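Residue numbers start from 1 in every chain, and the chains themselves are labelled A, B, ... in the order their sequence lines are given, proteins ahead of strands. Keep in mind that what you see is a predicted model, and the values were worked out from it rather than measured.
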Amino acid sequence: MNSIGRVTQLKADFFNRDPRRVARELLGKLLIRKTSRGVLAGRLVETEAYLGQGDDAAHSAAGKTARNAVLFGPPGYAYVYFIYGNHYCLNVSCLPEGVAGGVLFRALEPVAGIDQMAAARGLDFANESDVDTQKISFLKKIASGPGRLCEALNVTRERVNGKSFMSPRSDLRLVDDGFHVRRISVTPRIGIIKSAGYPLRYFVAGNPFVSGNSRFNNATSPSI
DNA sequence: ATATCGATTATCT
DNA sequence: GATAATCGATATG
């Protein structure tokens, strides 16, 4: 029930496309991370697209810097940034070298290594309020939100920025296990001021591990 | 269930 | 010096 069967790792061609299409098609894919304490994995249920041009919310909007260089590099590499003095956020670069674009990973449905991820998040299995580890209310605390996702998977800029998602035996991989997403919802992106309003947030409709709350999760526009 | 607010630092103006 | 692709705690309905 908890094992991952036959899988296909995503290749450069998958990422070498418009971030909106990549963001949409990443839903349902597995993000796999290896640590000294075992294999961690989750299914992507929420993403956001960040475009290179005309998207003032994107870190790449003002041009290439040391911080955002990965977004301008080849497709399929991890861009990790630190935000609000507290949190890391994980993205994958899209589009060919020289053209900026990326997808932010906002939420995972936990699949494997759940106890390790919970521990990395500081969640306590022995705590009375957390004692039912099968409950969605507990599992939702693991990786529902971009900062939580990074903490659960031991992702920091120092460890992960610039790393490929496409190497066969890497400790950071994106794979297709054949899971089919039924329906996708689209809303504006969360937590941004500039270029707000564009429908560039994608999530699996009805999935309980999507971040935010009802006020964010009413789908508006259809998109690509 | 929803709203508000403080934490804390890399990056850019 | 201001800002930020967030989170968790607290307060209130």
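Taking 4.0 angstrom as the limit, Thr65(A) places a side-chain polar atom (N or O) nearer than this to OP1 or OP2 of dC12(B).
The local environment of OH in Tyr88(A) is crowded, with over 12 non-hydrogen atoms from other residues, nucleotides or ligands closer than 6.0 Å. Residue Phe165(A) places its CZ atom among more than 12 non-hydrogen atoms of other residues, nucleotides or ligands, all under 6.0 Å distant.
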Verdict with supporting geometry, Glu46(A) and Ser211(A), side chain to side chain donor-acceptor pair (under 3.5 Å): CA-CA 8 Å; Glu46(A) 180 182 356; Ser211(A) 74; 2.9 Å; yes
Criterion salt bridge (Lys or Arg N to Asp or Glu O under 4.0 Å) on Arg20(A) and Asp18(A), from CA distance to verdict: CA-CA 5 Å; Arg20(A) 288 169 289 194; Asp18(A) 187 307; 2.7 Å; yes
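Between Val186(A) and Leu200(A), the shortest heavy-atom distance links the atoms CG1-N, 4.5 Å. In plain terms, the two heavy atoms of Ile192(A) and Ser195(A) that are nearest each other are CD1-O, 4.0 Å.
Geometrically, Arg17(A) does not engage Phe15(A) in a cation-pi contact defined by less than 6.0 Å to the ring centre and at most 45° from the axis.
With Asp177(A) as reference, Leu30(A) is the one residue of Ile32(A), Leu30(A), Val111(A) to meet the side chain to side chain contact (heavy atoms under 4.5 Å, CB included) rule.
Comment: Asp55(A) does not engage Lys194(A) in a salt bridge, judged by the lack of any side-chain N to carboxylate O separation of less than 4.0 angstrom. We find that Arg189(A) and Glu48(A) are not joined by a salt bridge, their nearest charged nitrogen and carboxylate oxygen being 4.0 Å or further apart.
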Secondary-structure string, 5' to 3', Watson-Crick or G-U under 3.5 Å, | for another-strand partners, for DNA chain B: |||||||.||||.
N/O to N/O distances under 3.5 Å, protein versus nucleotides 3-7 of chain C:
| unit_1 | atom_1 | unit_2 | atom_2 | d |
| --- | --- | --- | --- | --- |
| dA5(C) | OP1 | His59(A) | NE2 | 3.1 |
| dA5(C) | O4' | Tyr50(A) | OH | 3.2 |
| dA5(C) | N9 | Tyr81(A) | OH | 3.2 |
| dA5(C) | N7 | Ala57(A) | O | 3.1 |
| dA5(C) | N7 | His59(A) | NE2 | 3.2 |
| dA5(C) | N6 | His59(A) | N | 3.4 |
| dA5(C) | N1 | Asn91(A) | OD1 | 2.5 |
| dA5(C) | N3 | Tyr81(A) | OH | 2.7 |
| dT6(C) | OP1 | Arg106(A) | NH1 | 3.1 |
| dT6(C) | OP2 | Gly191(A) | O | 3.4 |
| dT6(C) | O3' | Gly147(A) | N | 3.4 |
| dT6(C) | O2 | His87(A) | NE2 | 2.8 |
| dC7(C) | OP1 | Gly145(A) | O | 3.4 |
| dC7(C) | OP1 | Pro146(A) | N | 3.1 |
| dC7(C) | OP1 | Gly147(A) | N | 2.9 |
| dC7(C) | OP1 | Arg148(A) | N | 3.2 |
| dC7(C) | O4' | His87(A) | NE2 | 2.9 |

Return the polar atom pairs (N/O with N/O) between nucleotides 10-13 of chain C and the protein under 3.5 Å, or none.
none

